[in-house]
Amino acid sequence: MIVVKNLHKSFDKLEVLKGIDCHIHQKEVVCVIGPSGSGKSTFLRCINRLEEAQQGQILIDGEEVTAPNADINRIRQEMGMVFQLFNLFPHKTTLQNVTLAPIQIKKMNREEAEDIAIGLLRKVGLGDKDNVYPSQLSGGQKQRVAIARALAMHPKVMLFDEPTSSLDPEMVGEVLEVMKDLALEGMTMIVVTHEMGFAREVGHRVFFMDEGILMEQGTPTQIFDNPQNPRTQAFLSKVL
Amino acid sequence: MDFGFTNTEWFFGTMIMDKLNEIYGFQVVVNNLGNFTMGAVLTLEITLFSLFIGMIIGMIAALGRMSKVKIISFISVTYIDFFRGTPLFVQILLLYFGVIPLIFDATPVQAAIIACGLNSGAYVAEIVRAGIQAVDKGQMEAARSLGMTPTQSMRFIILPQAFKIVVPPLINEFVMLLKDTSLVSAISAHELTHTGKMLYASTYQAVWVWGAVCVFYFIMTKAISMLGDWTERRLAN
Ligand SMILES: Nc1ncnc2c1ncn2[C@@H]1O[C@H](COP(=O)(O)OP(=O)(O)OP(=O)(O)O)[C@@H](O)[C@H]1O
Ligand SMILES: [Mg+2]
């Protein structure tokens, strides 16, 4: 479903991605792990072109995202993204956060959008919080609203960039729970995470990235119990 | 010197003269309250129209400055730099005597509004740009990641948040502009300072006339800043 070929990305002289190749299937949950600064976020952000790659190709269902004339606004509608710092719209209620894109971009009528949004907010456990502003929510609640907001566009794939890294420990579980449900429903997901437990339990495949290179990939069992690459071994010995 | 007064008589004589003067000076103000008010109203009118023009031009110039199209950002930057980098007084003279007559026959008030509006636009542009840039970068990314176009992201996400940020500096600009309109008295627009000039020329009551002019300006600026505080408080909720 997602094919990445020889992806290179530099910021000025700093080469952050040094030729990434991978293939992600429909309904697959891929967890990306690796040390800080290894290019995980950059990789994710290249997929929906929040960063422009200098070289290489990304194809989604055969459509080239990286083509200069690609209709990036439409392509992004099919890719939900969840950020480490939530990035909810602070001037809108949770309900408006979720309905804004369907109403403005898909020209859905308000009632229909609100019905869907209420359903999604219920699904992430916030059915009673439709009328509050983000500033009145806890971190875990904000992140769950952010997930609902992304889901409202019916994306084919969800990209998560360390969705629990800025949360207090007691809130991590509630967000991972929502993500796990999503995975069980068959959503295609790419999750950059430091939650090794989640990667092991929910991930179908784990990518280990280091210094801009996809060093090793495999099933959670392969990566966590029997890593081949010395870098992977060194990294895992530090975090596990 | 001997004018036939004793020192004491001289002293009291001057005091009485001074007193009379004071009373007469006071009379100048009382008798001309209508003129002062008319001047103040015109000052307010010039300010409001200028600010209106300034807001529109300023918004366009701010977005223009951030545009990726080189020529648009170049024009915007040149406009902003010129009007911020030269004295308003000179701009008024240049526009009223030089540029505007080439285009149409403007009254002093029209010229004043055009000059102050263009000048204010440059300052508003910088205020708006600062406001937009103060909105967290993640907001634009979140909007774009949902599939919004740059225009939609600006309209629904960035500008509403920038608006809250720019209200206090815009109120400040409003106050500055009101005070700066005193410069258009030089082209005989009959606003408050011009009223003061006329009255001073006919009465020579400097303290009373200019004092009254100050009081009128102060009442207006104070009213604007109170309005600003109220708006800010309302926006905070
Ligand atoms: N906009 C940018 N401009 C310049 N350098 C950048 C930019 N974004 C990222 N970098 C650099 O690129 C490298 C990779 O960054 P990236 O955010 O992809 O790492 P990461 O693996 O997500 O790390 P972390 O676990 O800390 O989030 C880092 O050295 C970072 O400093
Ligand atoms: Mg990162």
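This structure is a prediction, so every number in the text was calculated from the model and none was measured. Chain letters run A, B, ... following the sequence lines, proteins first, then strands; residues in each count from 1.
In this structure, chain B has a heavy atom under 4.5 Å from the side chain of A:Leu50, while its backbone stays farther away. Looking at A:Ile75, neither its backbone nor its side chain comes within 4.5 Å of chain B, counting heavy atoms on both sides. Interface remark: A:Lys92 contributes side-chain atoms only to the contact with chain B (heavy atom separation under 4.5 Å). Using a 4.5 Å cut-off between heavy atoms, A:Arg45 contacts chain B through its side chain alone, with no backbone atom that close. Only the backbone of A:Met79 comes within less than 4.5 Å of a heavy atom in chain B; its side chain stays farther off. Residue contact with chain A, scored on non-hydrogen atoms closer than 4.5 Å, involves the side chain of B:Gln152 exclusively.
In the model, B:Ser185 has a side-chain atom that pairs as donor or acceptor with a side-chain atom of B:Lys197 under 3.5 Å. Donor-acceptor pairing under 3.5 Å is lacking for the side chains of B:Asn119 and B:Arg84. Residues B:Gln91 and B:Thr86 have side chains that bring a donor and an acceptor to within less than 3.5 angstrom of each other. A side-chain donor from one of A:Ser41 and A:Asp161 sits under 3.5 Å from a side-chain acceptor of the other.
Contacts with chain B were tallied for A:Gln77, A:His91, A:Met81; A:His91 has the most, counting heavy-atom pairs under 4.5 Å.
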Can B:Glu126 and B:Arg129 be said to form a salt bridge (Lys or Arg N to Asp or Glu O under 4.0 Å), step by step?
-> CA-CA 5 Å; B:Glu126 287 299 88; B:Arg129 184 174 70 113; 3.2 Å; yes
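Counting all heavy atoms, side chain and backbone alike, B:Ala142 lies closest to A:Phe89 at CB-CE2, 3.9 Å.
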